[in-house]
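Only this structure's heavy atoms are used, side chains among them; waters, hydrogens and symmetry mates stay out.
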Amino acid sequence: MTQLGSNTQLGSNVQVGIDPNFNPLWFSGCVAWFDMQDPASYVQAGTVSSITNKASGVGWTSAGASQPMYAAAGFNGLPCMSFDGVANKIISTEAAVVAAMANNNAVTVFSVVKSDDPDTTNGFFGVGNSGVVSNQTKKYGTTTGGTGQWALMTVDNAGTSVNLLSTASTADANNHVVEIFTSTSAGTILVDGAAVGATGVAYAPSTLTPDRCAIGCRPDSSPDQLWDGQIAEILVFNRELTAFERAVVRTYLLRKWGIADPTPLTILGANCTQWQRADQGVTLATGVSQWNDLAGGGHHLTQATGGAQPAWGSTAGPNGTPAITFDGVDDALYSPTPTRAAPGTTPTWIWIVLKQITWSNAERIFSAGNSSSQITLAQIGGSPGLASYNGVTSNTNNGLAVGAWGAVQTYFNNTTADYIQVNDLTPTTGINTGNNGLQVGMWVGSGLSTLYSNIAVADFVTANVLPTTEQLAWISAYRFLRYLF
């Protein structure tokens, strides 16, 4: 038998670097992009004298003592700029970036940073007015608060401060992706994808007329609040990105800089009750004899009978990823261990990256339970229809064409909010699919060793709660970057 482990792949912490599956300029509104993994975009001779805004081609320059140090391996072994907190700064009057930061414009800023002095007030990015001190400024960085806090701090034309601060977590001296997004009236700070304070905090600096912007300080007439630490990448968008767009950019940056590799398990945390992916934990005999649960619950899917073992293909999945193919005759994998209460007691959410190779009415994609009324996803209602069931059949969803790959999610909670959804299309909902309880076991490719489906599966996730809107967007981003749909 062959045991397939964790393959080295794009985006994993084993292989950091630029992901060819994404470019930030694919999303509209990017007005600034500074990237220390692109050596063609900056000039350095021990210190960084110029860095090009890759969104516009405009060079931002620094001279003499203002030049930050170049650290060839300063950020997880990757190049970055190192600012001393005393003199280092890069200031520009680039009009498009300044305009994006004016007044209470909606904006989204990402920065890949490490603070060497998180308990002080300093900025990794800012805008200001060269004619005044403090007023007409906006600074992204940290601020004092007993212990350091991530902050967006604004002082408008009249000298009124409007600050957006973290309250649930402190700034520290670790590598982070800091994400701050504002509408015209409210804002939120996330660090590595986690909200570090209240979300949607009222924020409206309605009169703010800066004339220059900066990396590493607040650039008013006497630039201050200088950054002490490392800056690896900055992205600025002149609009509030959607949750999905932010999750894509966040995942891209976390992987690129070796900070984290977001997966369904890391995104859902303890609420992820089972996770299988076809590039990991697969044991091959005649076909797949075991597919390990990566969530740590031990819910391994197995098949002892050689002739009933589905096939594994190293490039059979979307975007050339591995997938497991079930023949629709007798192939199935089963785990006896997952136990689920009735959905009205504990909800069940299931997400599967799936291709229907053929379609045949009533064939089961998966079945959770040990009776004919178990939680099920089945081919129902005419090709290419899919429906969920737990005693009552849902409305049919026709969003996944036969022969096409897609991500199908189903939710069971004993209300008419039960749904089935393909990719990010409008979900099919409105029917309570039932409240049959105790569900023991999980079949993939069949239902109780019958009604076998001819499908291919690349990813399979279960959870005991409906993910939040942010988590669902992040799962969609994971799908997009890994599978390219």
Between [atom1] on residue [X] and [atom2] on residue [Y], distance to nearest 0.5 Å:
X: H300; Y: L294; atom1: NE2; atom2: CG; result: 9.0 Å
X: L466; Y: L472; atom1: CG; atom2: CG; result: 6.0 Å
X: D331; Y: Q303; atom1: CG; atom2: CD; result: 8.0 Å
X: W257; Y: F75; atom1: CH2; atom2: CZ; result: 7.0 Å
X: F27; Y: F244; atom1: CZ; atom2: CZ; result: 5.5 Å
X: Y140; Y: L152; atom1: OH; atom2: CG; result: 5.0 Å

Between the side chains of [X] and [Y], does any donor sit under 3.5 Å from an acceptor?
X: T321; Y: N319; result: no
X: W351; Y: Y411; result: no
X: N271; Y: Q471; result: no
X: T263; Y: R277; result: no
X: Q379; Y: S453; result: no
X: N432; Y: N414; result: yes
X: T283; Y: S289; result: no

Could you tell me if the side chain of [Y] sits less than 4.5 Å from the side chain of [X], heavy atoms only?
X: E470; Y: T199; value: no
X: F412; Y: N435; value: no
X: Y452; Y: D327; value: no
X: N104; Y: P205; value: yes
X: L235; Y: C30; value: yes
X: C272; Y: V461; value: yes
X: N238; Y: N105; value: no
X: P264; Y: I475; value: yes

Test your reading of the model: is there a side-chain donor-acceptor pair from [X] to the backbone of [Y], 3.5 Å cut-off?
X: R482; Y: F480; value: no
X: W312; Y: P322; value: no
X: D293; Y: H299; value: yes
X: N397; Y: G399; value: yes
X: E233; Y: V112; value: no
X: R250; Y: W474; value: no
X: T273; Y: T462; value: yes
X: K54; Y: D35; value: no
X: N413; Y: P343; value: no
X: K256; Y: I259; value: no

In T396, N395, T429, T428, the residue satisfying side chain to side chain contact (heavy atoms under 4.5 Å, CB included) with I420 is T428
Of T376, T410, L354, the one forming a side chain to side chain contact (heavy atoms under 4.5 Å, CB included) with F366 is T410
Shortest non-hydrogen contact from [X] to [Y]?
X: N361; Y: I380; result: OD1-CA, 3.6 Å
X: V107; Y: F237; result: CG2-O, 2.9 Å
X: I231; Y: S111; result: CG2-OG, 4.4 Å
X: D424; Y: R479; result: OD2-NH2, 3.1 Å
X: V162; Y: A204; result: CG1-N, 3.8 Å
X: I180; Y: A151; result: CD1-O, 4.0 Å

Exercise for review: Run the numbers on V392 and D418 for side chain to side chain contact (heavy atoms under 4.5 Å, CB included), then give the verdict.
Suggested key: CA-CA 11 Å; V392 178; D418 291 356; over 6 Å; no
(Q) Parallel, tilted or perpendicular, judged at 30° and 60°: which one describes the rings of W150 and H176? (A) perpendicular
task = Evaluate the side chain to side chain contact (heavy atoms under 4.5 Å, CB included) criterion for residues F485 and V353: first the C-alpha distance (whole Å), next the side-chain angles of each, then the deciding distance (0.1 Å), finally the verdict.
result = CA-CA 11 Å; F485 65 80; V353 175; 4.0 Å; yes
**Message:** Apply side chain to side chain contact (heavy atoms under 4.5 Å, CB included) to residues R255 and F22 and explain how you reach the verdict.
**Reply:** CA-CA 12 Å; R255 289 175 172 170; F22 180 68; over 6 Å; no
| query | Would you say the ring centroid of Y203 lies under 6.0 angstrom from that of F181? | reply | no
*Would N23 and W33 satisfy side chain to side chain contact (heavy atoms under 4.5 Å, CB included), going step by step from the backbone distance to the final call?*
CA-CA 11 Å; N23 183 320; W33 179 17; 3.4 Å; yes
